[in-house]
Amino acid sequence: MAPIAISPERESQPEPLDSLTAKFDDTIRFYLNGTRVVLDEIDPEVTVLEYLRGIGLTGTKLGCGEGGCGACTIVVSQYNPTTKQIYHASVNACLAPLASLDGKHVITIEGIGNTKRPHPTQERVARGNGSQCGFCTPGIVMSLYALLRNNAAPSRHDVEEAFDGNLCRCTGYRPILDAAQTFSAEAGCGKAKANGGGGGGGCCMEKNGDGVDGGCCMMKKTDGDQPIKRFTPPGFIEYNPDTELIFPPALKKHELRPLAFGNKRKRWYRPVTVDQLLQIKSVHPQAKIIGGSTETQIEIKFKALQYPVSVYVGDIAELRQYEFKEDHLEIGGNVVLTDLESICEEAIGHYGKTRAQVFEAMLKQLKYFAGRQIRNVGTPAGNLVTASPISDLNPVFWAANSVLVARSATQQTEIPMSEFFTGYRKTALPHDAIIASIRIPVTKEKGEYFRAYKQAKRKDDDIAIVTGALRVKLDDEGVVSECNLIYGGMAAMTVAASKAINFLVGKRFAELETLEGAMGALEKDFDMQFSVPGGMASYRKALAFGFFYRFYHDVLAILDGSSEHVDKQAIEEVERELSRGALDHDTAAAYEKEVTGKPNPHLAALKQTTGEAQYTDDIPALKNELHGCYVLSSRAHAKIKSIDYTAALDIPGVVDYIDKNDMPTAEANKFGAPHFDEVFFAEDEVHTAGQPIAMVLATSALKAQEAARAVKVEYEDLPAILSIEEAIEKNSFHNVYREIKKGDTEEAFKNCDYVFTGKARMGGQEHFYLETNACLVVPKPEDGEMEIFASTQNANETQVFASRVCGVQANKVNVRVKRLGGGFGGKETRSVLLSSALALAAKKTRRPVRCMLTREEDMVMMGQRHPFLGRYKIGVNKDGKIQALECDIFNNAGWTFDLSPAVVERSMTHVDGCYQIPNVFIRGRICKTNTMSNTAFRGFGGPQGMFIAETYMEETADRLGIPVEKLREINFYKYHDTTHFNQEITDWHVPLMYKQVQDESAYASRKEAIAKFNEGNKWRRRGLALIPTKFGISFTALFLNQAGALVHIYHDGSILVAHGGTEMGQGLHTKMTQIAAQALGVPLDNVFISETATNTVANASPTAASASSDLNGYAILNACDQLNERLAPYREKLGPGATMKDLAHAAYFDRVNLSAQGFYKTPEIGYVWGENRGKMFFYFTQGVAAAEVEVDVLTGSWTCLRADLKMDVGQSINPAIDYGQIQGAFVQGMGLFTMEESLWLRNGPMAGSLFTRGPGAYKIPGFRDIPQDFHVSLLKDVEWEQLRTIQRSRGVGEPPLFMGSAVFFAIRDALRSARRDAGVVAKVVGDGGDGGDGLLRLESPATPERIRLACEDDIMRRARVVPKDGEKSFFVAI
């Protein structure tokens, strides 16, 4: 699918342009990994990523296509005309035009090392457990490599900042940072408290270390001014900068020549002087000027804009200069933002702090401006001309009274910033002109003050919600003589708060009436409607007021620090310290064996860090191959009146299309067992925006996308339902109802001391696996056979539905899965949608067909975690003992069932949390809405159920007036208690871990310290929470709890294992090889797992439910036991010293079968719904987490100061893998509960469509969102009496995710404290209320907006926007 095409009018190209550029060269020359490359006949539409992957360098990945995830990071080395030095820039290859490479050296992941000779960065990330699924890893390694190439001795701050343009969904970032910090100059310093991985960064400068003035001891020089030898962790490759790829000497002499190339559709020009550029602009004013291509590429890809003529200006040295003048700094319009950071730092030194306040403000904004890869190519001129209403830099330029110097071929004009923006994305720049330079005035030595602020959903690499630059100039009397209050995010363009400015001028600044009057004027300036475009009206107003309030007191403190009017606490913003972490490495000592129990790194980690690991779309192109692209519905609910493929089929390279009419039968178009209520291709009606209507097949992915856009679909709109609340109101439910009943709740409520009611609401979550759904289908010439290479967690279902749509038996379809770039449940059922369509296409065309969904397509089609609503009624006695619980649970299934019944079932079994409640009645319903069908996601309803549980615990504790920690403890299950679904609790360690975490994290003393901190702070609040978890392990569908395995021993003693589970980063293959090696008594490197395939292990269950190690591990053990039995005589005969090679050899010649098929099914389980009997889960994985946060009440931003996690995973098969799962799940859970918000558009042409469809709008946690202090340990020194799993280990993939909610509840704790000061508290029962009034009801996710809106201070009260009758918000949260 691609967006609707909006093409600017094509003008006939003026003849003079051809003659003007006739002498331009048409060949680009660059170096790639040290080898010279010369290209002519260049396709002008190709990006560097498409070029690299096209020539087989597939280590560079496509993750999002918009420069938001960093998976495509490469390094481009070039001579920098600004700094006059060679600079190694990390760059997003998905955005960079191929034309930009001329005269540069491109370095990809393949160029720095391989598995035989890895680069130290590759080795340390791999061995430090910094790679799980591995899809993001090459980009992360290249960011680290770029840092080291530019700075061989980076500080720990430099290292932590190096990854601000990279995302990872698996690891939780901690192991990557620990590995990267071994390269920092402070690593392993002489006064370290702990070295390297797990014990913090290991530097004397760490908090609570005995830091010395002047920095870390490693930064000091020794005699003869030689730096101290760089620290290398024991057993690792030493990093030696002298051995790096050199900058090719030929490029130092490379003469940049003007370039011109292209075809009938598009022309590229690359002038090398300003004159050449202005000449082109004069004859072709519409030519698109491209600097970093960070905005243009997004316009082309996502808005389908077409620019027939593009002019690349990145190599014009004249536009990249800067000069310090007496009263201003002049910078070239095309100085890259990374250089602008350095220029700002230089300016602060040059002008002094007082005169350089504007550059300090600019530096602050730049620090959080996109990621490093974008700052390495983005430019201020590009930023200005894009005219984004939420730009971080434009308010700074305007507030400083900067002047833009615009040049055309005929004249030079000066445009004041205050006159530059004329409307939404419109400017006063003449069509034939460029921004040559920007003059930024310095502030006066005395009486002038300048500050800039920004608030976004996430600190790093995020677009602003509101941004502001505020400047005030006072005369000697303290009267305001000049003032600029410039805001972004408050209107359709960057605006000045003109009423507030007019009010302030002439007023004495230090008088409190001035503050009050200015706030009143700001209210008039920003009188927003509740339904304002972009939403968040109250929050945006509160931010505008908050920024001014902060600025006012900042200036006041400088004028008169001792004044009683100064609110000093409002000045400081929440800043993060460097992060660190600790793991308990002795956890498995008691049960470690020769192979199992050892913390081996992920087996594929080194292949992943070197880019050699092959993912589905990395399979080389096949002869005659076609590419598919979906035609997706653009309406949430509509009848299809007509579909016209004519224009699409007319595009050269388009071969065919498939839709519902190509299905062998009407039944074949249906999928989604057991209800079969979903269709592969829409039939007469579309039920959600993003529903597949057809798939276009073409010779390239770009051609297929263009053709999909050209298909014309006419609709007749029907009413659409989006949210749970709407579905309940309109009685729109899927036909499933579940209930669990134990005891008599009605009677219990009558006898309780108190009965409370409330609700818990939480949003969904996008999987955001870094590798989107991808598939390649290869048809064979005989018998309808085909081979499917798929990124799926469910090879079996992929096979079943491919055979259905192709009308062949399943034995003709072989599905092969090497690895997935992340799954998290999102590729359990939904991947079948793509693989089945491609199978049908391959059958129809008899050609191989591939498709890798774009990030946007994946997000609009593939479903999310289910949003949930729980309405509870709880009965409790005065002693805090809960007597009864009734709860109605609703989930938003979307338009079809998918796995929604099982998800609601699991939520119902987890709504007890860890608490014994004698009388329980739970009812579950599934809402039918016009959104994409929601699906499995790590936790599968468990986190939603437990969130409802912890919400009623928190709210009940507030109403009873007792600490929630105590309420939890009073109600904990005890050994041999039974749950509400009548399962006995065994091996119960939650109470023990609850105590251990409190002791190990000094919980009680920190709680006291927090209370003191909060007493003395109005605008900064801290909170602490302690959250337990128990997660049932087993598929709730009984038949899925089975697994098969196949084990071969070859002559040479090597062993090949096949099992039904897929490797998606969770380390399943690593654990399975360890089990096989241990069972057969061979070294780990003797065992190999090649792939998961339906022709080796048939009828496999999906890799899900945290049960894959249990199921497949026992199946492998079963096969190994059979082989051991057959080999026993030879072991006896050949003695204990015999190797597997000797044994296999002897057995083979005796005609002994050296292959064995193993099988396992989980015993004992089998719950019967409706009767509330039978065992639901084989066991429960348990854990406890404590989290501490600090919240900036003025803006809603926060940071997690510390998290302590303890998990009971039984006897770990591989502690390193388990720690990785725990850290990754916790951070993913933290994202779910605090940051990740899916929003739908309410009105307009895209009404009912998903708005958050890429990393630009949808924010997952980044490197600097994780806890600053991150401690993880596994429970040890206990007995697991009832646990009968493989090696007595417990499933660990999903259970830790809910512990991320500890951060949510810590935020809630901080907010309760802030509200208490504003006089808003929950009335305690017995004090004249039921506790409902003033109770904090916080929805998940606790975004900065929700946090700020939960506050009740004066600024927030005056900022609240009340909807008018019938007025609704801009966005819908479903």
Side-chain angles (χ1 to χ4, degrees), residues 172 174 194 198-200 580-591 597 599 913-916 946 950 953 963-975 977 985-1010 1024-1031 1179-1188 1200-1212 1215 1218-1219 1221-1223 1225-1226 1229 1267 1269-1283 1288-1292 1295-1303 1305-1306 1309:
R174 187 66 263 154
R580 46 179 289 161
L583 305 174
D584 177 1
H585 289 297
D586 304 324
T587 188
Y591 49 82
C914 294
Y915 312 111
Q916 167 65 29
M946 289 186 279
E950 294 306 337
M953 292 303 281
V964 68
E965 294 88 350
K966 189 177 170 194
L967 184 69
R968 289 190 176 107
E969 223 158 337
I970 292 168
N971 289 287
F972 272 151
Y973 279 118
K974 295 181 178 63
Y975 216 105
D977 278 352
I985 297 283
T986 58
D987 288 324
W988 181 241
H989 298 129
V990 164
L992 171 66
M993 291 190 285
Y994 199 73
K995 183 181 184 308
Q996 286 183 357
V997 169
Q998 289 184 70
D999 294 346
E1000 289 164 17
S1001 67
Y1003 191 86
S1005 59
R1006 278 166 58 208
K1007 203 162 176 64
E1008 281 173 30
I1010 284 170
L1024 193 58
L1026 185 65
I1027 299 291
T1029 185
K1030 77 167 186 8
F1031 189 90
Y1179 60 88
F1180 295 100
T1181 297
Q1182 303 146 43
V1184 174
E1188 181 182 350
C1200 181
L1201 300 171
R1202 177 171 172 171
D1204 294 81
L1205 281 60
K1206 189 176 282 283
M1207 287 295 296
D1208 172 9
V1209 300
Q1211 296 185 1
S1212 174
D1218 288 350
Y1219 276 133
Q1221 288 296 288
I1222 294 164
Q1223 289 168 323
F1226 177 84
D1269 215 345
F1270 200 178
H1271 298 255
V1272 187
S1273 60
L1274 303 181
L1275 181 66
K1276 56 187 180 184
D1277 304 328
V1278 298
E1279 287 295 317
W1280 292 277
E1281 292 165 12
Q1282 305 295 319
L1283 194 57
R1288 291 200 172 180
S1289 65
R1290 293 190 197 260
V1292 72
L1297 183 128
F1298 179 66
M1299 301 207 295
S1301 72
V1303 178
F1305 289 110
D1309 186 47

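These numbers come from the heavy atoms of this one structure, side chains and all, not from hydrogens, waters or symmetry mates. Numbers for residues simply follow the sequence, beginning at 1.
- Across Phe1226 and Val1303, no two heavy atoms sit closer than the pair CZ-CG2, 3.8 Å.
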*Decide yes or no on side-chain contact (heavy atoms from CB on, under 4.5 Å) for Gln1282 and Tyr1179, but give the supporting numbers first.*
CA-CA 9 Å; Gln1282 305 295 319; Tyr1179 60 88; over 6 Å; no

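- Nearest heavy-atom pair across Pro1267 and Ala1203 is CG-CB, 3.7 Å.
- Heavy atoms only, all atoms of each residue included: Tyr973 and Gly913 are closest at CE1-O, 4.2 Å.
- Contact check on Arg1006 versus Asp1204 returns a salt bridge, with a Lys/Arg side-chain nitrogen under 4.0 Å from an Asp/Glu carboxylate oxygen.
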*Take Arg968 and Glu950 through the test side-chain contact (heavy atoms from CB on, under 4.5 Å) and record every step on the way to the result.*
CA-CA 9 Å; Arg968 289 190 176 107; Glu950 294 306 337; 2.7 Å; yes

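- When all heavy atoms are compared, the tightest approach of Pro1028 to Leu1026 is CD-O, 3.9 Å.
- Residues Asp1269 and His1271 have side chains that bring a donor and an acceptor to within less than 3.5 angstrom of each other.
- Listed by chain and number, the residues in a ring-ring contact (aromatic ring centres under 6.0 Å, His included) with Phe1031 are His910 (sequence neighbours excluded).
- Here Asp1309 pairs with Lys1007, Leu1024, Arg1312 under the side-chain contact (heavy atoms from CB on, under 4.5 Å) rule; sequence neighbours left out.
- Between Thr587 and Leu1275, the shortest heavy-atom contact is OG1-O, 4.4 Å.
- Glu1281 approaches Tyr975 most closely through the heavy-atom pair OE1-OH, 3.9 Å.
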